[in-house]
Amino acid sequence: MLTEDQKLQRVEISQRFLQRCQQDNGDEDSTHIGVGPVGDFQANNNLFDNLITGDETCVHLNTPETKRDTMTWKHPSSTVTKKFKVQRSAAKVMATVVSDAKGVILLDILPQGQCINAARYCSTLDRLQEAIRRKRPGLLRRGVVLQHDNATPHSANLTQQWVQRYGWEILPHPAHSPDLAPSDFHLFGPLKRHLGGMAFETEDDLISELRNWFDNLDVDFFRVGINSLLLR
């Protein structure tokens, strides 16, 4: 449950998002207010065009269907079908997915047995910067606006130093607010439902399926996700 301070922080940050959206629509003055790497306010020209968002999620080689996915309409007199309980496999990969309003920019898979820490996350940011250079020409010059949550690898001093070195802007993210992270409420949910009932023999097979699913998503899917962040 959120504390009163955390609730006030959510309101304050949501008001800042709303102000920036209004400014993008020409409703107010053209100077956009954002929060920089160290929490200071700074100017930004176009939040929608420069915004990228990302997070990590665990994906199992065997993902059972949820009860909701297997629900069917039946007549009261219908025979009750027994369902065997299927456990998720212990084998899994950690995937970092970073996207913008046009699609996925980076899918970074953490090798099994490793964990996400600040050093590994900075390595992912290095890969992300190279992917942006290749896939989104001009974005690095305009200025990257990154939205991620407050997980320890994201907020660590080493990560903050990386962000400051390259001049990226970090959007504020209030504590315990998965509803303000498009990866949580818009991207990973449909991904897990898609994988429900699937089983893969190898990690490479799973990764191939992840790439295919992301590549086949319509661009409107990602636009809706970014818009939902700005309008929440």
Side-chain angles (χ1 to χ4, degrees), residues 52-72 80-100 102-132 134-135 146-156 159 173 176-222 224-226 228-229:
I52 62 177
T53 180
D55 202 357
E56 298 85 26
T57 186
C58 283
V59 186
H60 294 257
L61 268 67
N62 178 11
T63 304
E65 292 181 302
T66 65
K67 290 183 179 179
R68 181 175 181 179
D69 291 335
T70 58
M71 289 176 63
T72 56
V80 177
T81 303
K82 293 184 178 181
K83 298 178 181 178
F84 294 96
K85 185 175 182 180
V86 180
Q87 298 290 341
R88 289 186 301 181
S89 64
K92 60 185 178 181
V93 298
M94 176 73 75
T96 299
V97 186
V98 184
S99 61
D100 64 358
K102 298 178 181 179
V104 170
I105 301 175
L106 177 70
L107 171 60
D108 188 36
I109 304 297
L110 185 70
Q112 290 194 48
Q114 295 187 18
C115 62
I116 291 286
N117 54 27
R120 183 61 174 78
Y121 188 62
C122 287
S123 177
T124 297
L125 292 179
D126 288 335
R127 295 185 181 89
L128 175 58
Q129 181 163 248
E130 179 57 31
I132 292 172
R134 290 185 287 103
K135 297 181 179 181
L146 174 63
Q147 188 272 346
H148 58 194
D149 61 24
N150 296 320
T152 300
H154 302 169
S155 58
T159 303
H173 186 83
H176 309 296
S177 300
D179 58 317
L180 295 181
S183 298
D184 284 332
F185 68 78
H186 185 72
L187 183 60
F188 293 156
L191 171 62
K192 299 297 177 65
R193 288 193 292 273
H194 168 74
L195 295 175
M198 292 187 180
F200 302 91
E201 292 186 0
T202 68
E203 181 179 314
D204 288 341
D205 291 340
L206 172 58
I207 295 173
S208 178
E209 180 62 29
L210 293 177
R211 294 190 186 282
N212 288 336
W213 189 78
F214 288 129
D215 289 344
N216 288 324
L217 289 176
D218 190 271
V219 66
D220 287 340
F221 176 89
F222 295 96
V224 168
I226 294 296
S228 62
L229 166 65

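One is the number of the first residue; the rest follow in order along the sequence.
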Backbone of Ala119 reached by a side-chain donor or acceptor of Ser123 within 3.5 Å: no
Shortest non-hydrogen contact between Thr159 and Pro153, atoms and distance: OG1-O, 2.5 Å
Partner of Arg127 by side chain to side chain contact (heavy atoms under 4.5 Å, CB included), out of Ile105, Val98, Leu106: Leu106
Nearest-0.5 Å distance, CD of residue Glu56 to CG of residue Asp149: 7.0 Å
Nearest-0.5 Å distance that lies between atom CD in Glu209 and atom NE2 in His194: 4.0 Å
Shortest non-hydrogen separation from Asn150 to Ser155 and the atoms involved: O-OG, 3.7 Å
Rounded distance (nearest 0.5 Å) linking atom CG of Leu195 with atom CZ of Phe188: 11.5 Å
Side chain to side chain contact (heavy atoms under 4.5 Å, CB included) assessment of Ile207 paired with Phe200: CA-CA 10 Å; Ile207 295 173; Phe200 302 91; over 6 Å; no
Partners passing side-chain contact (heavy atoms from CB on, under 4.5 Å) against Asp220 (at least two apart in sequence or in another chain): Asp218, Arg223
Heavy atoms of other groups near Lys102 NZ, more than 12 under 6.0 Å: no
Minimum-distance pair of heavy atoms, taken over all atoms of Leu110 and Ile116: CD2-N, 3.8 Å
Atom pair CG (Leu128) and CG (Asp108), whose distance is rounded to the nearest 0.5 Å: 9.5 Å
Geometric class of the His148/His154 ring pair [parallel <30°, tilted 30-60°, perpendicular >60°]: parallel
Minimal non-hydrogen separation, Met94 against Cys58, with atom names: CE-SG, 3.5 Å
Enclosure of Glu201 CD (heavy-atom neighbours >12, cutoff 6.0 Å): no
Atom of Ala95, atom of Leu107 and distance for their closest heavy-atom approach: CB-CD1, 4.0 Å
Donor-acceptor contact present, side-chain Thr63 to main-chain Met198, <3.5 Å: no
Separation between OG1 of Thr53 and CG of Leu187, rounded to the nearest 0.5 Å: 9.0 Å
Separation between CD of Gln147 and OG of Ser99, rounded to the nearest 0.5 Å: 9.5 Å
Minimal non-hydrogen separation, His60 against Leu206, with atom names: O-CD2, 3.8 Å
Non-hydrogen side-chain atoms of Asp204 and Ser208 separated by less than 4.5 Å: no
